[in-house]
Amino acid sequence: MSLGMRSGSYGSLEKQLQQSNVVSPIQTTRKPSKMLKEKERSLNWVFKFAGRKKVGMLFLSLISAFVFIWVLYVGKDSQEGNNVQNISVNESMSLSNSPSMITMANIMGFQTSLVLPPPPPGYFMGYTLPPGHPCNSFTLPPPPADKKRTGPRPCPVCYLPVEEAIALMPKFPSPSPVLKNLTYIYEENLSKDGEFGGSDFGGYPTLKQRNDSFDIRESMSVHCGFVRGAKPGRNTGFDLDEDDLVDMEQCRGIVVASAIFGNFDEINEPSNISEYSRKTVCFLMFVDEITEEYLRNSGKMGISKKVGLWRVIVAHNIPYTDARRTGKIPKLLLHRMVPNARYSIWLDGKLELVVDPYQILERFLWRKNATFAISKHYKRFDVFTEAEANKVAGKYDNASIDFQIDFYKNEGLTPYTEAKLPLISDVPEGCVIVREHVPISDLFTCLWHNEVDRFTSRDQISFAVVRDKLLLRVDFHITMFLDCERRNFVVQKYHRDLLLKLAAPVSVALSPPPPPPSPPPPLPVLETLPERTIIPSIRRGSGRHRRQGSRGHRKVVAGNRDIGPN
């Protein structure tokens, strides 16, 4: 019996053609070839000694063996150079996606509901530089002995050449421990059930919701700004133009972002940027309408919305009156506005970038196998000390800072000690953030922003609280590097108002010259009196007469004793 002549639910094709007296188009006068006859004999021999079910099981076994070999082959190819990949299969793919397997199964007449695994996903697990590489033995030199300069300063950093850093960019994302799916709360009717703090932009989460957000699960939904709209930037507060939103969605690799609000700083053009970075990195500068007006009136920005490398993104409907609190939106919630980006580098508006972004990411993320990197404060490492310094400097009102610190103390916050090592500090220098956009780091910045929205805008105070709560539950790959290393790749500039004062020339009055001075008054005429002859008095009993002033160099002391006769 030939497989080609098997009957289906409507009978065989040959019987139907005979009944209708129609010649089958597949009938020919050619005789079957010898190879086809031998194939049919072998199949008939198989069917003779085994039933249809056993033959079906045989074909399924062959299919399974083929799939097994295919999975091993794809898994081997997915490894990335010297990187060790954590291969895991956690999804399924229907057999219908594999035409060759469908054909083999359909030949046997089986309904194919078999589910096969997809190509195994890969994860970036870090790498090590080859033995003998200069960066492996690189150590910081001692600081220069300059008694006149005792403040913070940059120190050397061992970067790879730009071409090598570009080649080492991971092809796969880093694993996100426990958390795989992160979504964000959207409230069409804003609830204000929170005990204290919050805003219309970030919502009013209750303390229970706050505590639940630190309980890391595989799927989570948390407050993360933009709560009044289904999509960030559209009627959510901090609204963005539609063309800007479309452009930001096209950023699929690296983003360098900064912000200037209240026309507080000048835009600093990055330097030492490679041509490859100029073509592949998105440089985004967020500004408010006041800053936009200044840029247009000064001629620094035209209709292209470009200032040098920076693409200017204008934010409307600013949700906060405090420009520093507004600046925390693009700083901590950047992943919500560039949802397809893989990595980002945040710079405060006063900083100038002077090292290529690929070199920075390679040095502080990829080489360290980290998903979040931030520099520690150059001087302070304890939250309580940082809070007192903020009060002394007038960074925020003292009562609000005290309330925040007391709340954290009641939760268990303690001063920093060596018991926290290898964590080297509780206080960051938050003007630079280098991170990968994976669910766990996105959650960290969401929860950090929630603290800024609930308490004070001083994010250095709330950083360690959020970090430590996450580290109690998952192995969050966060690293803190030295402040002098940060100063190596950014240069701090003055705020705009101070720059204007420094650049202003000494003002010279253009009023008419003063009148010439009046002649001096005549000297008074002194009346000269005739010289008066002073006759010294003759004292009795004096054996000697003296004239007054006869010896000019002799000190005359009042009350000389009389000299008696010898």
Side-chain angles (χ1 to χ4, degrees), residues 126-129 133-147 149-161 165 168 256 258 270-272 331 343-348 350-386 389-390 415-436 441 444-445 448 458-464 466-468 471 476-493:
Y127 56 80
T128 56
L129 296 178
H133 194 282
C135 289
N136 289 336
S137 57
F138 178 81
T139 56
L140 287 176
D146 186 356
K147 295 182 180 180
R149 184 181 177 187
T150 58
R153 65 189 75 184
C155 59
V157 176
C158 191
Y159 300 107
L160 295 186
L168 286 173
V256 176
S258 186
S271 58
N272 304 316
K331 175 179 179 178
Y343 301 95
S344 67
I345 301 174
W346 166 262
L347 311 171
D348 274 5
K350 62 185 176 182
L351 300 179
E352 176 191 345
L353 184 68
V354 294
V355 173
D356 192 86
Y358 284 92
Q359 292 177 294
I360 297 172
L361 288 164
E362 190 284 325
R363 170 61 182 82
F364 296 103
L365 277 193
W366 306 336
R367 199 187 306 176
K368 297 291 185 179
N369 192 22
T371 55
F372 192 97
I374 192 170
S375 65
K376 73 183 192 71
H377 196 276
Y378 73 96
K379 184 177 181 181
R380 296 184 290 273
F381 49 84
D382 179 72
V383 175
F384 297 91
T385 307
E386 175 67 18
N390 276 260
Y416 179 85
T417 64
E418 292 182 354
K420 276 197 168 184
L421 291 173
L423 299 175
I424 60 174
S425 176
D426 279 350
V427 180
E429 185 64 64
C431 56
V432 171
I433 295 177
V434 185
R435 71 182 183 105
E436 182 179 3
S441 67
F444 173 69
T445 53
W448 192 6
R458 307 307 299 167
D459 52 4
Q460 295 97 329
I461 297 176
S462 52
F463 167 80
V466 180
R467 178 201 63 186
D468 294 351
L471 288 177
F476 179 32
H477 290 187
I478 182 172
T479 181
M480 298 186 77
F481 52 92
L482 299 177
D483 180 71
C484 68
E485 294 176 311
R486 174 190 67 82
R487 294 174 184 270
N488 180 280
F489 63 86
V490 292
V491 176
Q492 183 165 326
K493 300 297 185 70

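Residue G430 comes nearest to I374 through the heavy atom pair CA-CD1, 4.1 Å, listed as atom of the first residue, atom of the second, then distance. The two atoms that bring T479 and A370 nearest to each other are CG2-CB, 3.8 Å, heavy atoms only. Pairing each heavy atom of N390 with each of R458, the nearest pair is OD1-NE, 2.7 Å. Across every non-hydrogen atom of L347 and V432, the tightest pair is CD2-CG2, 4.1 Å. Closest approach of V383 and A464 over heavy atoms only: CG2-CB, 4.2 Å. Heavy atoms only, all atoms of each residue included: P357 and V256 are closest at CG-CG2, 3.9 Å.
Atom-to-atom distance recorded for L160:CG and Q359:CD is 8.0 Å, nearest 0.5 angstrom. With rounding to the nearest 0.5 angstrom, the CD1 atom of I360 is 4.5 Å from the CG atom of L353. Distance check, rounded to the nearest 0.5 Å: CZ of F381 to NZ of K420 gives 12.0 Å. Separation of atoms SG (C158) and NE2 (H133) is listed at 6.5 Å; rounding is to 0.5 Å. Note that the CD1 atom of I478 and the CG atom of D468 stand 9.0 Å from one another [nearest 0.5 Å]. Note that CZ of R487 and CD of Q492 are 6.0 Å apart. Values are rounded to the nearest 0.5 Å.
For the pair C484 and R153, the minimum side-chain heavy-atom distance is 4.5 Å or more. You'll find the side chain of F463 stays beyond 4.5 Å of the side chain of E386, heavy atoms only. Using a 4.5 Å cut-off on side-chain heavy atoms (C-beta onward), L423 and L471 make contact. Between R486 and C431 the shortest side-chain heavy-atom distance falls below 4.5 Å. Between V466 and F444, some side-chain heavy-atom pair lies under the 4.5 Å cut-off. Looking only at side-chain heavy atoms (C-beta outward), S258 and L351 stay at 4.5 Å or farther from each other. Taking 4.5 Å as the limit, some side-chain heavy atom of Y378 sits within range of a side-chain heavy atom of E429. The shortest distance between side-chain heavy atoms of L482 and L140 falls below 4.5 Å.
At a threshold of 4.0 Å, the pair R467-D426 counts as salt-bridged, since one of the basic side-chain nitrogens sits closer than that to a carboxylate oxygen.
Relative ring orientation between F481 and F489 is described as tilted, the plane-to-plane angle lying within the 30° to 60° band.
W366 has its ring centre no less than 6.0 Å from the ring centre of Y127.
Between the side chain of T371 and the backbone N or O of H477, at least one donor-acceptor pair lies under 3.5 Å. Y416 places no side-chain N or O within 3.5 Å of a backbone atom of R380 that could act as its donor or acceptor partner. Panel note: side chain N488, backbone P154; no donor-acceptor pair is recorded below 3.5 Å. In terms of modelled atom types and a separation under 3.5 Å, the side chain of W448 and the main chain of D459 share a donor-acceptor contact. Without hydrogens or angle criteria, N272 side chain to V354 main chain gives a donor-acceptor distance under 3.5 Å.
Residues Y159 and D356 bring no donor and acceptor atom of their side chains to less than 3.5 Å of each other.
Among residues at least two apart or in separate chains, salt bridge (Lys or Arg N to Asp or Glu O under 4.0 Å) pairs with a member in residues 364-374 are E362-R367.
The environment of CZ in F372 is crowded: more than 12 heavy-atom neighbours from other residues, nucleotides or ligands sit within 6.0 Å.
Under the rule for a salt bridge (charged side-chain N to carboxylate O under 4.0 Å, His left out), the partners of E485 that lie at least two apart in sequence or sit in another chain are R363.
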